[in-house]
Novice: 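Just dropping this structure here.
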Amino acid sequence: TARDGQSIEGVLVEPVGGVPEGGAPTIFDIHGGPESHESNGWVTGYTGPGQIAAGRGYAVFLPNYRGSTGYGVAFSKDHQRDYGGKEFNDIV
């Protein structure tokens, strides 16, 4: 949930073997765009940490912040005239 209460979804890749007691270090992998989104599926690629980091004990979160596609027109346009504002607050 963002600071203003907006629900923000994303994909979480957990470390191999699960999250240890006390949590795991987490990498935020921010997609480009903003007209793009992350899907629940096989998350690999030469530029993203995905399963590689999970295999080394990290959790990897791929957020779909405001402006991302796949959540309706209003959500994908909600960042307009506030570039870097709402999007940043959605992630941090």
Side-chain angles (χ1 to χ4, degrees):
T1 303
R3 295 176 192 179
D4 64 1
Q6 173 67 49
S7 178
I8 303 298
E9 296 182 353
V11 177
L12 178 64
V13 181
E14 293 185 351
V16 172
V19 178
E21 187 175 330
T26 303
I27 296 170
F28 277 59
D29 186 11
I30 313 302
H31 68 71
E35 285 79 22
S36 181
H37 68 274
E38 300 292 351
S39 300
N40 189 15
W42 186 248
V43 183
T44 61
Y46 67 92
T47 61
Q51 280 82 4
I52 301 297
R56 296 187 175 172
Y58 289 88
V60 181
F61 183 60
L62 302 98
N64 286 318
Y65 52 86
R66 272 177 268 210
S68 298
T69 57
Y71 294 90
V73 174
F75 188 84
S76 67
K77 291 185 173 185
D78 197 24
H79 71 293
Q80 293 181 350
R81 302 188 200 286
D82 187 27
Y83 298 102
K86 290 179 182 175
E87 298 150 319
F88 179 81
N89 289 330
D90 290 349
I91 297 166
V92 176

Novice: Counting only heavy atoms not in Tyr71 (residues, nucleotides, ligands), do more than 12 fall under 6.0 Å from its OH?
Specialist: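 Atom OH in Tyr71 is crowded, with more than 12 foreign heavy atoms closer than 6.0 Å.
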Novice: State, to 0.1 Å, how close Pro15 and Val19 come at their nearest heavy-atom pair, and which atoms those are.
Specialist: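 So the minimum-distance heavy-atom pair works out to CD-CG2, 4.0 Å.
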Novice: Same cluster for Val60 and Val16 if Ile/Leu/Val/Met/Phe/Trp/Tyr side chains link at under 4.5 Å?
Specialist: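 Different clusters.
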Novice: Within this structure, what is the CD1-CZ distance for the pair Ile27 and Phe61, rounded to the nearest 0.5 Å?
Specialist: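 Atom-to-atom, Ile27:CD1 and Phe61:CZ are 13.5 Å apart.
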Novice: Can Phe28 be reached from Tyr65 by stepping across I, L, V, M, F, W or Y side chains whose heavy atoms are under 4.5 Å apart?
Specialist: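 In one cluster with Tyr65: Phe28, yes.
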Novice: What is the minimum heavy-atom distance between Gly57 and Pro25, and which atoms define it?
Specialist: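 Scanning both residues completely, I find the closest heavy atoms to be O-CD, 3.8 Å.
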Novice: To the nearest 0.5 Å, what is the distance between OG1 on Thr26 and CD on Glu14?
Specialist: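 Going from OG1 on Thr26 over to CD on Glu14, the span is 10.0 Å.
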Novice: Among Leu62, Thr69, Asn64, which residue satisfies the side chain to side chain contact (heavy atoms under 4.5 Å, CB included) criterion with His31?
Specialist: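 So, applying the side chain to side chain contact (heavy atoms under 4.5 Å, CB included) to His31 and each of Leu62, Thr69, Asn64, only Asn64 qualifies.
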Novice: Might you confirm whether atom CZ of Arg3 has over 12 heavy atoms from other residues, nucleotides or ligands at distances under 6.0 Å?
Specialist: yes
Novice: How far apart are the closest heavy atoms of Arg66 and Asp90, and which atoms are they?
Specialist: NH2-OD1, 2.6 Å
